[in-house]
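In what follows, a structure is listed as structure tokens, so that the remarks can point back to it.
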Amino acid sequence: MPRSVYTVDISPPAWNQLAHLTLETYRRIREELDAVAVSLTQEGGRGAGPNAGPNKVKTDGQVPSKLSVVVDDAIALYDVDHSSRRVLLLEVARRLPREL
């Protein structure tokens, strides 16, 4: 049983940016971040979530915590604070179209 649950918080600038998205895109971003929080809770804070990709260890032994998820045409940047067990949505931006 996990000792503590990770929560999802949204920074004030991210709230403003979310207001420009469709309700469906907002809902999907929230689902992705909730999945990250559940994954971190289940793994005891060792993982970065299902869509974050592999963690790379810096030379000083720390794992970088700023991560992102892509939903539709938006990219959501978030940070994982393991000490407060929090996933914080930092910024939401339109992503550039993929080159063909």
Spacing of E91 atom CD and L77 atom CG [to the nearest 0.5 Å]: 5.0 Å

Hydrophobic cluster identity match, I29 and V70, side-chain contacts under 4.5 Å: no

Heavy-atom side-chain contact between Q42 and V5 under 4.5 Å: no

pair L18-I10: side-chain heavy atoms closer than 4.5 Å: yes

Check ion pair R30-D34 (N to O, under 4.0 angstrom): yes

Any pair counted as side chain to side chain donor-acceptor pair (under 3.5 Å), so long as it reaches residues 18-27, sequence neighbours left out: T22-T25, E24-R27, T25-D72, R27-E31

Heavy-atom side-chain proximity of L40 to H82 below 4.5 angstrom: yes

Side chain to side chain contact (heavy atoms under 4.5 Å, CB included) partners for A37, two or more places apart: Y6, V8, V87

Any donor-acceptor pair under 3.5 Å from S68 side chain to I75 backbone: no

Chi angles and distances behind the side-chain contact (heavy atoms from CB on, under 4.5 Å) call for V36, L67: CA-CA 10 Å; V36 169; L67 304 162; 5.9 Å; no

T7: partners by side-chain hydrogen bond (donor to acceptor under 3.5 Å, both in side chains), with sequence neighbours left out: none

L88 side chain near V80 side chain, heavy-atom distance below 4.5 Å: no

Over all atoms of both residues, closest heavy-atom pair of Y78 and L89: CB-CA, 4.0 Å

Nearest heavy-atom neighbours spanning V92 and Q17: N-OE1, 2.7 Å

Pairs touching residues 4-18 that satisfy salt bridge (Lys or Arg N to Asp or Glu O under 4.0 Å), sequence neighbours left out: D9-R86

